[in-house]
Amino acid sequence: MRNTFTFPHNPMASGKGKTPIADAYEQVQTALSAYQGLLVAALGDDAETYELACASVAMGRENVGIAFSVKDHRVYVLVTDDGRPDMHYLPTWLLDLAKYLTEALRTFVVPDQGSEFTYWSDSERGRFIAYKFKMADSPTSIVPAGTAPKESGKTMQKYDLHAKRRQLSAIENAVVSLNYGRMSPCAAAAIVSGGAAALVAGPVFQLGLTVAFGTGAATVVLAYVFSKFPKSWAEVVDKRLENYEPVDHEAYAKLHERTKAYGGLELRAMFEWLDSENAAVQMCKPVRLDGSGKRFMSKDVSGNREPHE
């Protein structure tokens, strides 16, 4: 076994006098020990290539075992037999679990089993269901969510910090426009161009209402077809996200993985990322200019104060 760790959760106290953290830690360690034995018993020497995690709560079940191998691009989820879903809902349940694994492992995970249950068991630990998944994007390394240290209090040049805030604000405005279904930049530009063309043909050249209307309509169509402006707010968001260099790299990577798993932009994921990135940017501090202001600070300004009556 190369590594063991946990996916954190806010546990409730057991009422036995232990703190919630100590209570949960004991349960997790017991579960990890059981899962290690099951993994070795089921996979033999291949178990050495697997890392093992214990999720305090996953899909409504407590202390779920998650074993994954970057070498084999394989994931096993171990759940007690009493947590077996109804066979009729198994495909949907597996897809939901795959989504959870995608977010937890930060790589695209998909189900890789049929409708039959596979059991791992021994006389000491009882019987567990082993659900099988695969890593569809064949990653070369895995850094599960919550296990990488976050950077905080970064310093940034004042100009860069202001530019970062403007860039993030532009992304947020585009996401809000997408959420409310506002007119795309291309459509807005086409309508403005058509209105201008109609005014020129009508009041300026006095070509008549019909000609002015036709000219305006034709201009709208041509401007929309040949304009270089984005034809949807989704396109705007896509381009701005691609060009953005994040402060919170973990949240940005999570957004990337959720977008891949969803198959496109997802409003909820984008709003959650915006909250995380805005918080990270707010924590950034402009670079302090060492040694600046010494002459000014040493100046006597007491005579510049207005006397009090």
Side-chain angles (χ1 to χ4, degrees), residues 95 99 102-103 106 108 110 136-137 154 156-284 286:
L95 288 174
K99 182 178 180 181
T102 295
E103 295 179 1
R106 304 201 298 185
F108 188 28
V110 296
D137 47 3
K154 288 184 179 180
M156 191 179 297
Q157 292 291 343
K158 185 176 180 180
Y159 173 80
D160 294 338
L161 182 57
H162 290 170
K164 183 70 65 179
R165 287 172 176 168
R166 289 195 300 269
Q167 193 178 11
L168 189 60
S169 178
I171 296 175
E172 187 168 5
N173 289 337
V175 172
V176 170
S177 296
L178 176 61
N179 182 45
Y180 285 103
R182 293 172 181 168
M183 185 182 299
S184 70
C186 183
I191 290 174
V192 171
S193 299
L199 287 174
V200 171
V204 176
F205 290 102
Q206 298 181 351
L207 298 178
L209 182 61
T210 302
V211 174
F213 179 80
T215 301
T219 303
V220 168
V221 174
L222 291 173
Y224 185 83
V225 172
F226 295 103
S227 174
K228 294 183 179 180
F229 287 101
K231 290 181 168 56
S232 70
W233 283 109
E235 185 179 345
V236 177
V237 174
D238 189 26
K239 185 175 181 180
R240 290 178 181 176
L241 282 175
E242 180 190 13
N243 295 332
Y244 186 76
E245 291 299 327
V247 175
D248 188 340
H249 294 276
E250 181 179 341
Y252 189 74
K254 181 177 179 181
L255 173 65
H256 183 264
E257 289 155 6
R258 290 181 65 178
T259 302
K260 288 174 63 178
Y262 187 74
L265 298 172
E266 182 186 15
L267 285 170
R268 180 178 177 181
M270 287 187 290
F271 279 120
E272 290 177 0
W273 171 76
L274 284 168
D275 288 340
S276 299
E277 184 67 10
N278 271 310
V281 171
Q282 290 299 323
M283 291 178 64
C284 291

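Atom CD of Glu103 sits about 5.5 Å away from atom NZ of Lys254, to the nearest 0.5 Å. Annotation: the span from Leu241 atom CG to Tyr252 atom OH amounts to 6.0 Å, rounded to 0.5 Å. Between the CG atom of Leu168 and the CZ atom of Arg166 there is a distance of 12.5 Å, given to the nearest 0.5 Å.
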For residues 261-274, please give each side-chain donor-acceptor pair under 3.5 Å, one per line with the distance, not counting sequence neighbours.
| from | atom 1 | to | atom 2 | distance (Å) |
| --- | --- | --- | --- | --- |
| Arg268 | NE | Glu272 | OE2 | 3.2 |
| Glu272 | OE1 | Arg258 | NH1 | 2.4 |

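Screening residues 175-190 for side-chain hydrogen bond (donor to acceptor under 3.5 Å, both in side chains), with sequence neighbours left out, gives Ser177-Arg182. Evaluation of the side-chain hydrogen bond (donor to acceptor under 3.5 Å, both in side chains) test over residues 236-245, restricted to residues two or more places apart or in two chains, returns Tyr244-Glu277.
Atom NZ of Lys231 has more than 12 neighbouring heavy atoms from other residues, nucleotides or ligands inside a 6.0 Å radius.
At least one donor-acceptor pair closer than 3.5 Å links the side chain of Trp233 to the backbone N or O of Met183.
Here the shortest heavy-atom pairing between Ala223 and Ala190 reads CB-CA, 3.8 Å. A pairwise comparison of heavy atoms in Pro230 and Pro185 identifies O-CD, 3.7 Å as the closest pair. Val236 and Ala174 get closest at one heavy-atom pair: CG1-CB, 3.8 Å. For Arg165 against Val281, the heavy-atom pair with the smallest separation is CG-CG1, 3.6 Å.
Residues passing the side chain to side chain contact (heavy atoms under 4.5 Å, CB included) test with Ser276 are Asp248, Ala251, sequence neighbours excluded. Residues forming a salt bridge (Lys or Arg N to Asp or Glu O under 4.0 Å) with Asp137 (at least two apart in sequence, or on another chain): Lys260. Every side chain to side chain contact (heavy atoms under 4.5 Å, CB included) that Ser232 has, sequence neighbours left out, goes to Ala234, Glu235. The side chain to side chain donor-acceptor pair (under 3.5 Å) test applied to Gln167 returns no partner, not counting sequence neighbours. In this structure Ala136 satisfies the side chain to side chain contact (heavy atoms under 4.5 Å, CB included) test together with Phe108, Val110, sequence neighbours excluded. With sequence neighbours left out, the side chain to side chain contact (heavy atoms under 4.5 Å, CB included) criterion links Ala198 to no other residue.
No side-chain heavy atom of Arg106 sits under 4.5 Å from any side-chain heavy atom of His256.
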